[in-house]
J.: 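Got a structure here, written out as structure tokens. Questions coming.
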Amino acid sequence: MTTGSWTPEVEAAIASTREQVASLHAELTRYGLVVWTGGNVSGRVPGADLFVIKPSGVSYDELTPSNQILCDLDGNVIAGTPGSERSPSSDTAAHAYVYRNMPQVGGVVHTHSTYATAWAARGEAIPCVITAMADEFGGEIPVGPFAIIGDDSIGRGVVATLDGHRSRAVLMQNHGVFTIGRDARDAVKAAVMAEDVARTVHISRQLGAPLPIAEESIDALFDRYQNVYGQSEALPRSSSAHGAAAPARKEVQ
Ligand SMILES: O=C(CO)[C@@H](O)[C@H](O)COP(=O)(O)O
């Protein structure tokens with residue numbers, strides 16, 4: 001365990017990240033991506049070598065900003081901080097490895113969502129056969145290696161698969177989904193959309209052979225969705241029942 005004292009700006013960033021990570025866990029249950037205490041969300045603290053992650057095995061309806069766990073980028077819990085009396089998520093080493101090796105990533109999510117995990121169990125990438133996949137993932141959702149939980153081997157598999165890949169989601173073989181994003185909300189969106197397209201493509205395959213989309217069309221769809229879709233940053237944002245409108249999308253490399 002390490003301890004720390006920070007500037008008022010970093011303290012504020014820590015508090016804001018705790019709020020965001022705690023509330024985003026409710027999106028995983030809202031969209032049916034997790035059961036019991038499975039899955040987890042983490043968020044990098046802007047301006048600091050820190051991230052916030054859920055406590056291990058704690059019921060989703062008990063998660064609050066103050067019981068999220070603050071860690072350094074080696075996955076060490078910061079002693080004396082709120083929540084530090086509990087053990088962090090069992091995937092903390094994986095999340096930490098991603099943050100250390102993908103500096104552009106601001107959020108990481110893990111689920112065992114049903115359809116995406118069924119594809120992971122077969123070790124098969126989800127082919128890009130619907131425009132929603134081109135929009136969100138810029139192509140297929142790839143498969144990462146089988147890796148046992150508990151050290152950074154899952155994180156190594158996530159980084160090895162996604163670094164330089166347009167997809168923000170990876171199907172870790174025989175395990176489940178890991179997603180990355182520019183922040184925790186973006187990573188949660190990737191997890192929601194990964195399960196949605198996994199279900200659609202699965203159903204399509206039950207009816208017959210889905211038709212591929214030409215690469216140039218995938219590129220055009222991805223570019224439009226990442227750079228044109230939604231509201232410009234300059235326009236006033238309207239909040240919605242689902243929270244503030246998503247900011248203009250930027251591609252996570
Ligand atoms: O995949 C696993 C367990 O096999 C974990 O990711 C759990 O799904 C969530 O663990 P905690 O975050 O509660 O420790």
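Counting starts at 1 for both ligands and their atoms, following the listed order.
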J.: Could you check atom 8 (O) of ligand 1 against the protein and tell me its nearest heavy-atom contact, residue, atom and distance included?
T.: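 Here the closest protein heavy atom is G39 N, 3.0 Å.
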J.: Out of S87, S90, P88, who is nearest to atom 11 (P) of ligand 1 when you count heavy atoms only?
T.: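 Nearest option to atom 11 (P) of ligand 1, by heavy atoms: S90.
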J.: With atoms numbered from 1 as shown, which atoms in ligand 1 lie under 4.0 angstrom from a non-hydrogen atom of H110?
T.: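 So the answer, numbered in order with elements, is 1 (O), 6 (O).
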J.: Establish, from distance only, whether the side-chain atoms of T200 and Y115 form a donor-acceptor pair under 3.5 Å.
T.: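 The criterion, which ignores hydrogens and geometry beyond distance, is not satisfied for Y115 and T200.
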J.: Just to confirm my output: which protein heavy-atom neighbour is closest to atom 12 (O) of ligand 1, and how far is it?
T.: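 Closest protein heavy atom to atom 12 (O) of ligand 1: S89 OG, 2.7 Å.
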J.: Consider only side-chain N and O atoms of N40 and H95, and report whether a donor and an acceptor are under 3.5 Å apart.
T.: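 Short answer, yes.
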J.: Tell me: protein heavy atom nearest atom 5 (C) of ligand 1, and distance?
T.: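 Answer for atom 5 (C) of ligand 1: D91 OD2, 3.5 Å.
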J.: Does a side-chain N-to-carboxylate-O contact under 4.0 Å join E136 and K189?
T.: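 A salt bridge links E136 with K189.
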J.: Against the six-membered ring of F222, is R166 placed for a cation-pi contact (under 6.0 Å from the centre, within 45° of the normal)?
T.: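 Judged by the rule (NZ or CZ under 6.0 Å from the ring centre, within 45° of its axis), R166 counts as positioned above F222.
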J.: Quick test: of every protein heavy atom, which one is nearest to atom 3 (C) of ligand 1, and how far off is it to 0.1 Å?
T.: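 Of the protein heavy atoms, I149 CD1, 3.9 Å lies nearest.
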J.: Any idea which atoms of ligand 1 are less than 4.0 Å away from a heavy-atom of T37?
T.: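 The atoms of ligand 1 under 4.0 Å from a heavy atom of T37 are 9 (C), 13 (O).
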J.: Going only through I, L, V, M, F, W and Y residues with side-chain contacts under 4.5 Å, is there a path from I141 to V143?
T.: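 Shared cluster, yes.
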J.: To the nearest 0.5 Å, what is the distance between CD1 on I78 and OG on S84?
T.: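 Taking CD1 in I78 and OG in S84, the distance rounds to 9.0 Å.
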J.: So is P55 polar-close to ligand 1, meaning N/O to N/O under 3.5 Å?
T.: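 Not met; the criterion fails.
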J.: Of all the atoms in ligand 1, which lie at a distance below 4.0 Å from a heavy atom belonging to K54?
T.: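 Heavy-atom distances to K54 below 4.0 Å select 11 (P), 12 (O), 13 (O).
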J.: Hydrogens and angles aside, do H175 and H112 bring a side-chain donor and acceptor to less than 3.5 Å of each other?
T.: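 Yes, because at least one side-chain N or O of H175 sits under 3.5 Å from a partner of the opposite role on H112.
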